[in-house]
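Input: a single structure, listed below in structure tokens.
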Amino acid sequence: MTKPRTILVLGGARSGKSRHAQALAEAMTPEGCFIATAQAWDDEMRDRIARHQADRDERWTTVEAPLALADAIAEHSRSDRVLLVDCLTLWLTNMLLGEADLAAAGDALVAALEDAPCPVVLVSNEVGFGIVPDNALARRFRDAQGTLNQRLARVCDATDLVVAGLPLRLSGEK
Amino acid sequence: MTKPRTILVLGGARSGKSRHAQALAEAMTPEGCFIATAQAWDDEMRDRIARHQADRDERWTTVEAPLALADAIAEHSRSDRVLLVDCLTLWLTNMLLGEADLAAAGDALVAALEDAPCPVVLVSNEVGFGIVPDNALARRFRDAQGTLNQRLARVCDATDLVVAGLPLRLSGEK
Amino acid sequence: MTKPRTILVLGGARSGKSRHAQALAEAMTPEGCFIATAQAWDDEMRDRIARHQADRDERWTTVEAPLALADAIAEHSRSDRVLLVDCLTLWLTNMLLGEADLAAAGDALVAALEDAPCPVVLVSNEVGFGIVPDNALARRFRDAQGTLNQRLARVCDATDLVVAGLPLRLSGEK
């Protein structure tokens with residue numbers, strides 16, 4: 001029974017997944033690095049980013065990686081501090097809208113995770129429990145997100161699903 | 001190990017959450033009060049309400065509280081009977097369409113729950129596991145529902161997630 | 001503690017539910033019969049069917065049952081091999097678009113399951129965890145799917161929910 005080094009935190013919109021991921025990360029190392037994938041396109045998003053930043057400890061640094069996430073993980077890894085990536089859904093949206101090769105990006109992310117010397121907590125949305133979306137781009141996104149979540153759950157030491165702020169451990173030691 | 005006094009029952013559409021909540025409530029006290037938040041706007045809704053009413057025991061009373069839910073909980077609390085609130089998603093929809101202050105309404109609901117001398121079972125939808133909705137009102141609703149569910153899960157003694165009629169206890173004693 | 005003979009596998013889009021169902025089925029009997037409900041209307045669907053077929057063992061036979069599913073279960077049951085039905089969501093879509101009597105079709109499916117002398121694994125989508133869909137047909141589908149999943153969960157020996165490739169047993173022996 002060893003503690004998980006890499007944890008995937010899944011949840012729906014407003015499920016408390018970011019807060020849970022932060023609590024997990026803060027329990028891992030006293031200092032940490034927050035890798036934000038959000039881009040502040042509009043006021044809704046600016047509010048959300050500010051709210052999440054206000055929730056974090058001062059000893060944390062924040063870096064932005066809306067697209068080059070695998071590089072950011074490699075660059076900001078230090079064995080004595082946890083990386084908290086929030087979130088993969090915005091990153092995947094940015095990659096899809098930027099017409100990136102999503103399979104290759106998934107490979108690079110998995111490789112970066114495996115190479116990182118530090119604990120990593122990743123936040124991602126579960127988006128596949130609704131009716132099939134009308135438009136093809138939303139369907140493509142939904143498929144890509146599901147595929148990415150499966151890949152990450154396979155390589156992470158633990159995966160939690162958060163519902164109404166309550167975590168449910170799907171795999172890995174508690 | 002004490003039995004939960006307040007239970008939040010979460011589930012998707014047609015998940016069997018109402019039936020599960022009713023079974024939990026009926027196991028708590030022989031008589032009960034059903035607090036219905038539905039308003040019969042159309043035939044679809046009228047059918048649904050009638051179907052739920054036909055499922056309940058005769059010893060139950062029914063009151064309607066499409067908006068003034070905290071007041072209804074205070075007014076109809078009696079220590080010897082359970083309150084069953086079905087459901088918070090319709091109530092939140094009514095409040096949102098009525099342009100109510102949703103944060104204040106959440107505060108009042110939490111306070112009413114904490115003050116009630118009786119067991120309370122609350123039914124709510126989990127709506128955040130799909131693709132981001134196209135329209136801003138739906139996004140606002142989704143956010144408000146997620147926030148409300150988190151708040152209630154924090155104060156309730158137990159929370160169940162119902163999938164295909166099968167309850168999964170997320171927190172609290174069984 | 002007896003092994004489940006009938007297993008319902010629920011999951012969202014791209015959750016790994018088909019792969020999990022296949023693994024369960026292959027652990028039951030060495031040979032099996034795959035009952036496909038998909039109809040190849042477009043390229044997206046043709047790709048998906050081909051991908052699933054390539055994943056299966058050669059000793060498996062494949063039959064197509066886009067509509068007459070209960071008949072196919074009766075016809076292809078042999079006590080020495082498992083039936084894998086993938087998936088009920090496409091079947092229900094076909095039935096709804098074909099204006100079938102969905103309640104009667106559910107009755108026939110449940111009866112076929114109970115009469116089958118062999119193990120059966122069924123794959124179905126959980127589609128009720130999003131915002132209420134705008135159009136009435138999607139709402140009707142969502143209701144029918146939820147109702148069908150509840151009915152099947154009640155009669156199957158075990159039900160799994162798959163999230164990000166990770167199965168969670170909701171009912172039944174493991």
Side-chain angles (χ1 to χ4, degrees), chain A residues 9-20 22-23 38 41-45 47-48 51-52 55 87 89-90 92-94 96-97 123-146 149 160-170 174, chain B residues 4 6-15 17 88-89 92 102-103 106 110 122-164 166-173:
Chain A
V9 175
L10 297 172
R14 285 300 178 281
S15 62
K17 60 191 184 303
S18 290
R19 194 174 297 261
H20 174 62
Q22 194 182 317
W41 293 116
D42 58 23
D43 286 347
E44 246 184 273
M45 192 53 78
D47 286 356
R48 195 167 296 202
R51 218 163 42 236
H52 282 307
D55 278 348
C87 71
T89 298
L90 287 171
L92 195 65
T93 304
N94 296 337
L96 186 68
L97 296 179
V123 179
S124 189
N125 278 66
E126 169 55 53
V127 300
F129 280 123
I131 285 287
V132 180
D134 285 334
N135 80 76
L137 187 66
R139 284 199 300 279
R140 222 187 123 210
F141 177 76
R142 191 169 83 141
D143 286 355
Q145 180 72 84
N149 288 350
D160 284 353
L161 178 70
V162 182
V163 180
L166 305 169
L168 184 70
R169 183 130 298 182
L170 296 175
K174 298 203 181 187
Chain B
T6 49
I7 308 180
L8 176 64
V9 176
L10 298 172
R14 284 299 178 281
S15 61
K17 58 190 183 307
L88 297 174
T89 298
L92 195 65
L102 300 182
V110 166
L122 303 132
V123 179
S124 189
N125 278 66
E126 170 54 55
V127 301
F129 280 125
I131 284 287
V132 180
D134 285 334
N135 80 76
L137 188 67
R139 285 199 300 278
R140 223 187 120 209
F141 177 76
R142 191 169 82 141
D143 286 355
Q145 180 71 84
T147 301
L148 180 68
N149 288 350
Q150 283 191 57
R151 290 196 66 180
L152 292 171
R154 212 146 44 212
V155 298
C156 283
D157 298 327
T159 298
D160 284 353
L161 177 70
V162 182
V163 180
L166 305 169
L168 183 70
R169 183 130 296 183
L170 296 176
S171 73
E173 294 296 330

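All chains are named by letter (A, B, ...) in the order of the sequence lines, taking the proteins before the strands, and each is independently numbered beginning at 1.
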Any sub-3.5 Å donor-acceptor pair from B:Gln150's side-chain atoms to A:Arg14's backbone N or O? yes
I'd like to know whether CZ of A:Arg139 has more than 12 heavy-atom contacts from other residues, nucleotides or ligands below 6.0 angstrom. yes
Can you tell which part of B:Leu168 gets under 4.5 Å to a heavy atom of chain A, answering side chain, backbone, both or neither? side chain
Which atoms of B:Ile131 come close to chain A, meaning under 4.5 Å heavy atom to heavy atom: side chain ones, backbone ones, both, or neither? both
Closest approach of B:Phe129 to A:Val162 (non-hydrogen atoms, all atoms of both residues): CZ-O, 4.4 Å
Looking at A:Gly130, A:Gly165, A:Ala164, A:Ala13, which has the largest count of heavy-atom pairs under 4.5 Å with chain B? A:Ala164
Student check: side-chain heavy atoms of B:Leu161 and A:Leu166 closer than 4.5 Å: no
Inspect the surroundings of CG in A:Asp47 and state if more than 12 heavy atoms from other residues, nucleotides or ligands are less than 6.0 Å away. yes
